[in-house]
Amino acid sequence: MAPRGLSLEEKRTKLSEIFHESKDFYQLKELEKLGPKLKGIVSQSVKEVLQSLVDDGLVQGDKIGSSNFFWSFPSQRGTIVQNRLDNAKEARTSYEAQLAELKVAIEHERALRPLSDSRAAALEQLTSTNKQRAALQEEIDAYGACDPVKVEERKRAVTLAHEAGVRWTDNYSILLSHFTRQNGMDAQDIRRYLEIDDDYEDIF
């Protein structure tokens, strides 16, 4: 059975070990040689793994002259985790302060609007009115087909369809007349051939 290849996370860990164990600087071409030799990382994947570590801030890189050098120290990961923890604590403190301000604002507004009998009755009436309004809106939506605006729109659509039908009927009559004159054919023969009834022009 062929040995299982390393996962991306395993490659990241092993490539980081090269830096941490040696505490040295490397170029990409050096890592591509050391990766397979020391950690069993396929040479072709070293560049991708290295870039992922750089993107996560676990490996630092800089260009010196015409060459790019990379390095990482054991304490670097701990520093990154600590920074993330500090940022999370700052965000939590900020959110707690905002929550406290909101609570104060709510209590202030409540003090300005004491729940008297008249206010309670007004709120109850408002709730009831809103429910009635919602019910009426549902009823209106149910009878949407009878909406005067929609009825007028349908009438207009029917009128336009009728006018279009009349135009096509007139065009047919003009073409039929022209064809019979040009070819000396009887109009009834053409109607029968096209399966058009005699009352076609009277449809509209």
Side-chain angles (χ1 to χ4, degrees), residues 1-116 119-120 122-142 144:
M1 182 176 179
R4 181 181 66 85
L6 297 174
S7 67
L8 176 59
E9 193 56 39
E10 289 172 334
K11 292 177 183 178
R12 283 162 55 93
T13 300
K14 290 183 176 295
L15 190 61
S16 297
E17 289 174 354
I18 295 177
F19 291 106
H20 298 166
E21 291 169 359
S22 65
K23 299 181 178 63
D24 204 351
F25 298 80
Y26 296 98
Q27 292 179 269
L28 174 59
K29 60 183 179 181
E30 295 174 317
L31 292 170
E32 288 176 335
K33 292 178 181 178
L34 293 174
K37 182 179 179 181
L38 300 178
K39 300 296 180 179
I41 305 172
V42 179
S43 177
Q44 292 84 346
S45 66
V46 169
K47 183 177 181 180
E48 177 186 356
V49 176
L50 177 63
Q51 186 60 52
S52 73
L53 292 171
V54 172
D55 292 342
D56 289 345
L58 298 175
V59 170
Q60 303 300 312
D62 199 2
K63 189 170 186 178
I64 302 175
S66 60
S67 302
N68 289 312
F69 288 87
F70 301 92
W71 67 92
S72 177
F73 301 108
S75 61
Q76 201 161 324
R77 188 180 188 91
T79 301
I80 292 173
V81 173
Q82 185 61 48
N83 288 338
R84 290 178 178 172
L85 178 60
D86 292 340
N87 291 336
K89 287 181 178 179
E90 290 179 5
R92 177 181 177 181
T93 301
S94 176
Y95 292 147
E96 288 176 346
Q98 293 179 29
L99 178 60
E101 291 178 0
L102 288 173
K103 287 181 178 179
V104 171
I106 291 172
E107 292 302 324
H108 177 69
E109 292 299 324
R110 283 178 176 172
L112 294 177
R113 297 175 176 82
L115 190 59
S116 61
R119 177 172 171 75
L123 290 174
E124 185 177 349
Q125 180 62 40
L126 176 61
T127 301
S128 175
T129 301
N130 286 335
K131 289 181 179 179
Q132 292 177 14
R133 178 181 177 277
L136 290 172
Q137 186 62 49
E138 289 181 3
E139 187 175 350
I140 290 173
D141 293 339

Shortest non-hydrogen contact from [X] to [Y]?
{"X": "Lys14", "Y": "Lys39", "value": "CD-O, 3.3 Å"}
{"X": "Arg12", "Y": "Asp56", "value": "NH2-OD2, 2.9 Å"}
{"X": "Ile41", "Y": "Ser45", "value": "CG2-OG, 3.6 Å"}

Taking the side chain from [X] and the backbone from [Y], do they hold a donor-acceptor pair closer than 3.5 Å?
{"X": "Glu10", "Y": "Ser7", "answer": "yes"}
{"X": "Ser67", "Y": "Ile64", "answer": "no"}
{"X": "Thr129", "Y": "Gln125", "answer": "yes"}
{"X": "Ser94", "Y": "Glu90", "answer": "no"}

Value rounded to 0.5 Å, distance of [atom1] in [X] from [atom2] in [Y]:
{"X": "Leu31", "Y": "Phe19", "atom1": "CG", "atom2": "CZ", "answer": "4.5 Å"}
{"X": "Ser72", "Y": "Lys23", "atom1": "OG", "atom2": "NZ", "answer": "11.0 Å"}
{"X": "Gln51", "Y": "Leu28", "atom1": "CD", "atom2": "CG", "answer": "10.0 Å"}
{"X": "Leu15", "Y": "Leu6", "atom1": "CG", "atom2": "CG", "answer": "11.5 Å"}
{"X": "Gln98", "Y": "Thr93", "atom1": "CD", "atom2": "OG1", "answer": "11.5 Å"}
{"X": "Thr13", "Y": "Leu8", "atom1": "OG1", "atom2": "CG", "answer": "9.5 Å"}

(request) Please determine if Glu30 and Lys33 form a salt bridge, counting it only when a charged side-chain N lies under 4.0 Å from a carboxylate O. (result) no
(message) With side-chain contact (heavy atoms from CB on, under 4.5 Å) as the criterion, how do Gln27 and Phe70 come out once you've worked through the C-alpha distance, each side chain's angles and the decisive distance to 0.1 Å?
(response) CA-CA 6 Å; Gln27 292 179 269; Phe70 301 92; 5.9 Å; no
(request) Taking atom CD of Glu21 as the centre, report whether more than 12 heavy atoms of other residues, nucleotides or ligands fall under 6.0 Å from it. (result) yes
(request) Decide if atom CD of Glu48 counts as having more than 12 heavy atoms of other residues, nucleotides or ligands within a radius under 6.0 Å. (result) no
